[in-house]
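Just the heavy atoms: all of them, side chains too, but no hydrogens, waters or symmetry mates, feed the values below.
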Amino acid sequence: MKAHLLFPDRDLDLTAALPPQSAALINDLRLNVVFGAMAQGDAVIAKVVPHVLLAGTDDVAVILYRQSVMRELMEKEDFCRNLYAFLKQTLADEHKSYLHMRNTSVSGVIFDAARSLDVLSGPLQKLKVIANKQKTLATSTALRRLFEILDEELDDSLFADLFEYSRVFRAPEMLLNARLGDGNKGVDYRLRGFPGARFRWLKDLIGQWLPPNSYRLDPRDDNGARALNDLRERALGGAAASMQQGKDHVLSFLTNLRDELAFYVGVLNLRRRLYARQLPFCFPEIEASGCRSFDAKDLYDIALALASDQPITGNNVPMTGNRTGTIITGANQGGKSTCLRSIGLSLLMARCGLFVGAEHLTTAMVGGMFTHFKREEDRTLQSGKFDEELRRLDDLLTYVRDDSVVLFNESFSSTNEMEGSAISFDVMDALMASGVRVFFVTHQYTFAHRVFLLRRDQTLFLRASGRKGADRDFRLEPGEPSETSEAADLYQRVFGVALSPPIKTT
């Protein structure tokens, strides 16, 4: 049995390594805020969500597959949460009840497997009832298939077998056979059955009577007892392997179902937080392969919305047509970096099948997400900040492919305007020529103006308003890069006083 709630053809693999550059994504997009809102203190969700969100997928069919599951579970939120809690409790009970009783001997393996299956038989019967009811109500392909398989596999014969295994493997008597091998040593030991399992009441009646060709071991014969136990262990070897395999199969399925369902519970937790703030969200429309557009309406930064109770401003980002790049310029503290994070977070969420923080979003498929943000001073650096920026860029470019997206936030600002602008232009130009979508926040007017002159048809230009105080709404508007870097605004923010106007002389 397979859960297949995240992939139509395979299970979630939590042992897989996170994609390259994941640490930078977590830091630059403030993903820990999103992870925390989804987990809400649940250790399982906290483990699952980063794997699913950061790994993503470039398969449109998988994205649509997950979206259909999410839409259904949003309509059945209580059922989803109750099923997840049921699975968590079932696995916790199994683990807790026999944690100190497990050992590696053959008899111990069988005893442990039989007791575990005994504990799980009740929950499996409840799961059977749930599946039988839900298989006709499910609307998504994934959930309908899951409940149909559960209803088919968890049949009466399975529970009869579980009951029989749990009973007979505790029996003190067994039948086995073997043959003589080299040196008249016993080989090919095989378990044949448990003669006393069904008619133990008869043995109680006949007392100490022994059938013909029987031998009773003396209670003080320690060597004989060890030899007899050795025979028992050899005979039970095959049964132990089968029992362990059966137990592992059941536990693996229940664990995987719990983990994959944990992601959707995390989605419901996030949805509840956004509802509380009356913020919009939508499932993105994914364009056909070969497109490079990104068209968003009222796009906002979900991480900021979760971390702040202040009003949230959305932005329109119409990077459509032949455009494969966006340059954002304008005033300090005007919402440029927030807009950039909202773009990155929406693409990251879109490529794992999640809803996004926007009224509407249409985007091309994303093969990989990468960020190159300006870093604050770090005393551990062995060289200058500019060298560090170039090293990070070199490492990032190792993993970028033609359907990737790269976000730059004030990159190459640690050098002078002329040199930084030249590098920024060359990097953006080369990436866009390779089919990579580029979003670039910059104060480098020389760079932005050069792109405006030479790549205007391929680039969207957004500009933060220079309005101050209560008039500032943090909304970006399309516009040609401004020649001013708003230095007066920065001076006032840092020093607390307005910059004096220049003195005119005649």
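- When all heavy atoms of Val49 and Phe263 are compared, the closest pair comes out as CG2-CD1, 4.4 Å.
- Looking at residues two or more places apart in sequence or on another chain, you find a side-chain contact (heavy atoms from CB on, under 4.5 Å) between Pro20 and Tyr399.
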* Dump the intermediate steps for side chain to side chain contact (heavy atoms under 4.5 Å, CB included) on Leu29 and Leu407, then the final yes or no. => CA-CA 10 Å; Leu29 301 182; Leu407 311 179; 4.1 Å; yes
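- For Lys2, the NZ atom sits in a loose shell: 12 or fewer heavy atoms of surrounding residues, nucleotides or ligands are nearer than 6.0 Å.
- Within the 4.5 Å cutoff, the side chain of Leu31 has heavy atoms near those of the Leu348 side chain.
- Using a 4.5 Å heavy-atom cutoff, the side chains of Thr324 and Val438 are not in contact.
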* To do: Applying side-chain hydrogen bond (donor to acceptor under 3.5 Å, both in side chains), run through Thr57 and Asp59 and close with a yes or a no.
  => CA-CA 5 Å; Thr57 176; Asp59 189 335; 5.4 Å; no
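- Formation of a donor-acceptor pair under 3.5 Å by the Ser68 side chain with backbone atoms of Tyr65 is found in this model.
- Ala3 and Glu260 get closest at one heavy-atom pair: CB-OE1, 3.9 Å.
- Lys135 NZ: more than 12 foreign heavy atoms inside a 6.0 Å radius.
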* Asked: Between Arg144 and Gln134, does a side chain to side chain contact (heavy atoms under 4.5 Å, CB included) hold up when you go through it step by step?
  -> CA-CA 8 Å; Arg144 185 168 58 252; Gln134 292 294 326; over 6 Å; no
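- For residues 337-352, the side-chain hydrogen bond (donor to acceptor under 3.5 Å, both in side chains) pairs, not counting sequence neighbours, are Ser337-Asn409.
- Taking a 6.0 Å sphere around CZ of Arg30, one finds it holds 12 or fewer heavy atoms contributed by other residues, nucleotides or ligands.
- Closest heavy-atom contact between Val60 and Met365: CG2-SD, 3.7 Å.
- Listed for the Asn316 side chain is a donor-acceptor partner under 3.5 Å among the backbone atoms of Asp298.
- Contact annotation: the side chain of Phe86 approaches that of Leu127 to within less than 4.5 Å [non-hydrogen atoms, C-beta and beyond].
- Looking at Lys88 and Asp42, a side-chain N of the basic residue comes within less than 4.0 Å of a carboxylate O on the acidic one, giving a salt bridge.
- Phe283 has its side chain out of reach of Leu64: every pair of non-hydrogen atoms, C-beta onward, lies at least 4.5 Å apart.
- Counting heavy atoms from C-beta outward, Met74 and Val69 have side chains that stay 4.5 Å or more apart.
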* Evaluation steps, salt bridge (charged side-chain N to carboxylate O under 4.0 Å, His left out), between Arg375 and Glu389 -> CA-CA 8 Å; Arg375 296 283 184 257; Glu389 285 191 286; over 6 Å; no
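- Rounding to the nearest 0.5 Å gives a distance of 9.0 Å between SG of Cys352 and CG of Leu54.
- How far OG1 of Thr136 is from CG of Asp151: 9.5 Å, rounded to the nearest 0.5 Å.
- In this structure a side-chain-to-backbone donor-acceptor pair under 3.5 Å is missing from Arg392 to His372.
- In terms of modelled atom types and a separation under 3.5 Å, the side chain of Ser22 and the main chain of Leu18 share no donor-acceptor contact.
- Legend: residues meeting salt bridge (charged side-chain N to carboxylate O under 4.0 Å, His left out) with Arg401, ordered by chain and number and at least two apart, are Asp58, Asp403.
- Residues Tyr275 and Phe281 place their aromatic rings such that the two centres sit under 6.0 Å apart.
- The side-chain heavy atoms of Ile302 and Val356, taken from C-beta on, include no pair separated by under 4.5 Å.
- Ala131 and Phe147 make their closest contact through CB-O, 3.5 Å (heavy atoms, listed as atom of the first residue, atom of the second, distance).
- Residue Ser140 is tested with Glu72, Gln67, Arg145 for a side chain to side chain donor-acceptor pair (under 3.5 Å); the sole match is Glu72.
- Counting only distance, with no hydrogens or angles, the side chain of Ser308 and the backbone of Leu304 share no donor-acceptor pair below 3.5 Å.
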* Please walk me through it: do Leu12 and Leu5 pass side chain to side chain contact (heavy atoms under 4.5 Å, CB included)? -> CA-CA 9 Å; Leu12 173 66; Leu5 292 183; over 6 Å; no
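- At a threshold of 4.0 Å, the pair Arg71-Glu75 does not count as salt-bridged, since none of the basic side-chain nitrogens sits closer than that to a carboxylate oxygen.
- Not a single donor-acceptor pair under 3.5 Å links the side chain of Arg292 to the backbone N or O of Ala364.
- To the nearest 0.5 Å, atom CG of residue Leu354 and atom CZ of residue Arg271 are 12.5 Å apart.
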* Kindly indicate, with the supporting measurements, whether the criterion side chain to side chain contact (heavy atoms under 4.5 Å, CB included) is fulfilled by His4 and Asp9. => CA-CA 7 Å; His4 288 169; Asp9 56 352; 5.7 Å; no
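- Within the 4.5 Å cutoff, side-chain heavy atoms of Phe253 are placed close to those of Leu150.
- Using modelled atom types and a 3.5 Å distance limit, the side chains of Arg437 and Thr363 yield a donor-acceptor pair.
- Residues Met38 and Arg273 are not in side-chain contact: their nearest non-hydrogen atoms beyond the backbone lie 4.5 Å or more apart.
- Lys128 approaches Leu154 most closely through the heavy-atom pair CD-O, 2.9 Å.
- Taking the centre of each ring, Tyr264 and Tyr84 stay at or above the 6.0 Å mark.
- A donor atom on one side chain and an acceptor atom on the other are not found under 3.5 Å apart for Ser293 and Asp295.
- Atom CZ of Phe439 is separated from atom CG of Leu347 by 6.0 Å, given to the nearest 0.5 angstrom.
- For the residue pair Ile63 and Gly353, the shortest heavy atom distance occurs at CG2-CA, 4.0 Å.
- Expressed to the nearest 0.5 Å, how far CG of Leu361 lies from CD1 of Ile286 amounts to 7.0 Å.
- When the options Thr398, Asp395, Thr371 are evaluated for a side chain to side chain donor-acceptor pair (under 3.5 Å) with Gln21, the one that passes is Asp395.
- We find the CG-CG distance between Asn32 and Leu306 to be 12.5 Å, quoted to the nearest 0.5 Å.
- In terms of modelled atom types and a separation under 3.5 Å, the side chain of Ser434 and the main chain of Val436 share no donor-acceptor contact.
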